[in-house]
Amino acid sequence: MLDFAPYVHVAPRRNSITPDKQRRFIASLAATGIVSQAARGIGASMEALYKLRHREGAEGFAAAWDAAVERGYSRLEDCALERAIAGEERPVVSRGKVVTHWTHYNTALLMFLLRSRRPEKYGAVKLADLREGHPVYEALKAKWAAEREAEAMARAEEVRESLHARLLAMRDEVLGARGIGQAQDDPSTGSG
């Protein structure tokens, strides 16, 4: 996606953002993820770059810009993850001299990265993000469906037991009215 057809000015001026500058800007943006730094690198203003981005015919430049920002963020995430896991060396100073070094592991940074990369597992889910297709949404939907089904089954069992008890009571009433003993026809006694 970083390979794109640059915008070519119909009547280029001295300060126009040439195709070569557009390519350098996109390459720098992909490396850093920082628009202002990439703009300084080619000697262009942010305003000029944003104007170019929104021009008709510059769709390839705009798409490459978006892809470069995404690549830059991915690289920054990778650097942060490496720093969180491998740690960073910090000096120990005594009486103005470095006597040794120690490795600082940034667990807060690590948790931030885990939450942002795997929100369904580490719980950093914004309510606004929960929509159909999101792993947490789907997990909650399945859990609630299972709970509703279990409740429906429990209610059905209660109704069945209630109906069974009523039928037994009606049977006993009918048998009593006929003068037939309950023990005679009770399936639990094995007679009848």
*To the nearest 0.5 Å, tell me how far Y7 OH sits from L52 CG.*
7.5 Å
*Who else is in L163's hydrophobic cluster (ILVMFWY, side-chain heavy atoms under 4.5 Å, direct or via others)?*
V159
*Could you list who else is in V92's hydrophobic cluster, with ILVMFWY side chains joined at under 4.5 Å, directly or through other members?*
V99, W102
*asked:* Test: side chain to side chain donor-acceptor pair (under 3.5 Å). Region: residues 156-166. Which pairs qualify, not counting sequence neighbours?
replied: E157-R160
*Atom of V8, atom of P19 and distance for their closest heavy-atom approach*: CG2-CG, 4.2 Å
*With sequence neighbours left out, write down each residue that passes salt bridge (Lys or Arg N to Asp or Glu O under 4.0 Å) with E173, or none if nothing qualifies.*
none
*Can you check side chain to side chain contact (heavy atoms under 4.5 Å, CB included) on L81 and L109, steps first, answer last?*
CA-CA 8 Å; L81 186 59; L109 177 60; over 6 Å; no
*When rounded to the nearest 0.5 angstrom, what distance separates CG in L167 from CG in D172?*
11.0 Å
Please tabulate, for the side chains in residues 136-150, all donor-acceptor contacts under 3.5 angstrom to protein atoms that are two or more places apart in sequence or on a different chain.
from: E138; atom 1: OE2; to: G133; atom 2: N; distance (Å): 2.8

*Could you list the residues that satisfy salt bridge (Lys or Arg N to Asp or Glu O under 4.0 Å) with R83, not counting sequence neighbours?*
E88
*Would a hydrophobic clustering, with Ile, Leu, Val, Met, Phe, Trp and Tyr connected at side-chain separations under 4.5 Å, put L114 with F112?*
yes
*Looking at I17 and H9, what are the two nearest heavy atoms and their distance?*
O-NE2, 3.3 Å
*Look up atom CE in M111 and atom CG in N106, then write down how far apart they are to the nearest 0.5 Å.*
12.0 Å
*asked:* Do Y73 and V35 land in one hydrophobic cluster if side-chain heavy atoms of ILVMFWY residues count as linked below 4.5 Å?
replied: yes
*What's the spacing between R115 CZ and L110 CG if we round to 0.5 Å?*
10.0 Å
*Looking at residues at least two apart in the chain, or sitting in another chain, which of them share a side-chain hydrogen bond (donor to acceptor under 3.5 Å, both in side chains) with D78?*
R117
*asked:* Hydrophobic clusters here meaning ILVMFWY residues chained together by side-chain heavy-atom distances under 4.5 Å, can you tell me if V69 and L76 are in one?
replied: yes
*Tell me, please, which residues at least two apart from S94 pass side-chain hydrogen bond (donor to acceptor under 3.5 Å, both in side chains).*
none
_Qualifying residues under ring pair (Phe, Tyr, Trp, His ring centres under 6.0 Å), relative to H101, sequence neighbours excluded_ = none
*Does anything in residues 18-35 pair up under side chain to side chain donor-acceptor pair (under 3.5 Å), and if so which pairs, sequence neighbours excluded?*
D20-R24
*May I ask you to decide if the ring planes of F25 and W65 are parallel, tilted or perpendicular, using 30° and 60° as cut-offs?*
perpendicular
Side-chain donor-acceptor contacts of residues 37-51 below 3.5 Å, not counting sequence neighbours, with atom names and distances?
from: S45; atom 1: OG; to: A48; atom 2: N; distance (Å): 3.0

*Just jot down the ring pair (Phe, Tyr, Trp, His ring centres under 6.0 Å) partners of H54, sequence neighbours excluded, or say none.*
none
